[in-house]
2 protein chains.
Amino acid sequence: MATGRTHRPATRSRGIPEATVARLPLYLRALTALSERSVPTVSSEELAAAAGVNSAKLRKDFSYLGSYGTRGVGYDVEYLVYQISRELGLTQDWPVVIVGIGNLGAALANYGGFASRGFRVAALIDADPAMAGKPVAGIPVQHTDDLERIIKDNGVSIGVIATPAGAAQQVCDRLVAAGVTSILNFAPTVLSVPEGVDVRKVDLSIELQILAFHEQRKAGEDAGAVPAAGQAVPSPAASAPAGAAAAAVPGAPAAAPLSAAAAAAADDDAVAAARKGRPEGDVPAVMPA
Amino acid sequence: MATGRTHRPATRSRGIPEATVARLPLYLRALTALSERSVPTVSSEELAAAAGVNSAKLRKDFSYLGSYGTRGVGYDVEYLVYQISRELGLTQDWPVVIVGIGNLGAALANYGGFASRGFRVAALIDADPAMAGKPVAGIPVQHTDDLERIIKDNGVSIGVIATPAGAAQQVCDRLVAAGVTSILNFAPTVLSVPEGVDVRKVDLSIELQILAFHEQRKAGEDAGAVPAAGQAVPSPAASAPAGAAAAAVPGAPAAAPLSAAAAAAADDDAVAAARKGRPEGDVPAVMPA
DNA sequence: CAATCTTTGTGCACGCGTTCACAAAGACAT
DNA sequence: ATGTCTTTGTGAACGCGTGCACAAAGATTG
């Protein structure tokens, strides 16, 4: 899953909870599959299973849209597909521009799911002059200089940013200034946008880190339960002030049966934290663009 | 952001809330940036701004990790970077395999954020024999036949699925059988996995649909507030049973300017929806792989 | 037409997550 | 030492989301 969520606080749009909106596409996909198999109706139980959610939740979600089911029978597949599509605004055409045609941008341009459901890749934009004119996924790449014109000519309101982190905010500003009001950001940066502009973020690095957290936890449990409290850690930088904490770099947190490592490491790791220089990793820049 | 979230219901891992875990990578990134600029300390206010969250939330998040701040001063950057890294399990090496080296898979392999922070692309796997041996991002692609061996030889516990939707579940099953316990899924499908296996999903199509929903809403409001209730829609399939239901969609919930598009469309779209066969869009298959 | 069976729609309770607001802790100046 | 000022850490209130459990609605059968 993607992460982050820079939406209006919790302004339940219209009357539909944000959490429900996020699941509608899931239901829609499951319904579309059923539709293709010419299945006329489905029960909340079946559909919920297909969408990977619990049936009570699904029924409640649908109840926000209206009473589209028939007791004792279930939901009419075609009818529901239409209702959800309409609710999501998929009955209209949404021209989209992708900025940053690197590996990721190209992948997105080729992404089948984009073209379907009303989304149309109106243009591909990149800052590299060498890319200009070159076709990607059948669409010629245009130069950043024309960004504003492209947005306006095509009436684009949704932009996808797949540039390196460093260029993201600038691109974002230009998109917004040109009229874009919804942005899907793949660059690992927090974008600041004016009120009224929606930003959704997809961050691969974050997803992996979350998985690592759970993975570590699982390993820890398997290996004999790491002290639940686990805070055998030294005291904060209390005594050791900022800058100084840098020099002392003891052995790296060795790797024993997975968990033991974490626990044992904790002890002197406090000092390990000190190893200045390149403290952890790098700045997760995205594609080479 | 990615979507979906197939985690254990709400089993607050250890003591750290899931929501907090999801934000730690965000803080870590902001802290790393500060560290590179050799900033010694930060206040919760500053760091929160950099990470795009509210300071109270950040302080509470950190409080779950322990008391790592100094009142009146703030947090020691280096120290905090270390603590969060350790908490997320980033102090150890995480070999990762990417299955499905299409456009997306290649983009992921080249993704800089992957290599950083302890994640190491141990292998690239694809079902296409023609791909075998061909280097992508400096790593030779291997054939699916060797999947199990690769997983075991490298002690991989995290797998990334970037295959077409149709192959995802099968690949998933093989990964799990071979020992993988955490999966990052880019294929637009609901994966079913045994207890104990974590799955996170990133679905581009869903993100766009959510944006479209809000976009439609904004357009509607601008154009003179679409009837908040807006459910002037016909009655469900109540009277009109299954198959026929498609046709029985009377006038759409009228509308003004912008929303007019949706409304107008709705009218015949109802019928359009009826056009069986390929009712709405297609099955959002991912990369051509 | 009555009885039975299936499945929806929802009232209700519970728990997680967010936010406020403030006391406590420590730095720093005098 | 004492006082002031800054910033953390957290108790408490609130709101959203989830899931249970069941009444109501409609299909279906006899």
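Keep in mind the model is a prediction, meaning the values are calculated, not measured. Below, read A as the first sequence line, B as the second, and so on, with proteins coming before strands; counting in each chain starts at 1.
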Length of the CD-P vector between Glu18(B) and dC16(C), whole Å
12 Å

Assess the side chains of Ser44(B) and Arg59(B): does a donor N or O sit below 3.5 Å from an acceptor N or O?
yes

Under a plain distance cut-off of 3.5 Å, with no hydrogens placed, do Glu215(A) and Thr181(B) share a side-chain donor-acceptor pair?
yes

Rounded to 10°, the angle between the first-five-pair and last-five-pair axes of the helix from dC1(C)-dG30(D) to dT30(C)-dA1(D) is 10°

Roughly how many Å is it from NZ in Lys57(A) to C1' in dC16(D), rounded to a whole number?
13 Å

Please walk me through it: do Arg29(A) and Ile206(B) pass side chain to side chain contact (heavy atoms under 4.5 Å, CB included)?
CA-CA 9 Å; Arg29(A) 178 174 294 155; Ile206(B) 285 182; 4.2 Å; yes

Using whole Å, what does the distance between atom P of nucleotide dT6(C) and atom CD of Glu46(A) come to?
14 Å

Can you find a side-chain donor-acceptor pair between Glu36(B) and Thr32(B) that sits under 3.5 Å?
no

How long is the line joining CG of Asp61(B) and P of dC16(C), in whole Å?
16 Å

Rounded to the nearest 0.5 Å, what's the gap from CD on Gln83(A) to CG on Asp76(A)? Could you check?
10.5 Å

Under-3.5 Å donor-acceptor pair between Lys60(B) side chain and dT18(C) base
no

Could you tell me how far apart Leu58(A) (CG) and dG17(D) (P) are, to the nearest whole angstrom?
16 Å

Do Tyr68(B) and Tyr79(B) have ring centroids that are under 6.0 Å from one another?
yes

Polar atom pairs between nucleotides 7-9 of chain C and protein, under 3.5 Å, N or O only, would you list them?
from: dT7(C); atom 1: O4'; to: Gly72(A); atom 2: N; distance (Å): 3.0
from: dT8(C); atom 1: OP1; to: Ser44(A); atom 2: N; distance (Å): 2.5
from: dT8(C); atom 1: OP2; to: Ser44(A); atom 2: OG; distance (Å): 2.6
from: dT8(C); atom 1: O2; to: Arg71(A); atom 2: NH1; distance (Å): 2.8
from: dG9(C); atom 1: OP1; to: Gly69(A); atom 2: N; distance (Å): 3.1
from: dG9(C); atom 1: OP2; to: Tyr75(A); atom 2: OH; distance (Å): 2.7
from: dG9(C); atom 1: O4'; to: Arg71(A); atom 2: NH2; distance (Å): 2.9
from: dG9(C); atom 1: N7; to: Arg59(A); atom 2: NE; distance (Å): 2.9
from: dG9(C); atom 1: O6; to: Arg59(A); atom 2: NH2; distance (Å): 3.2

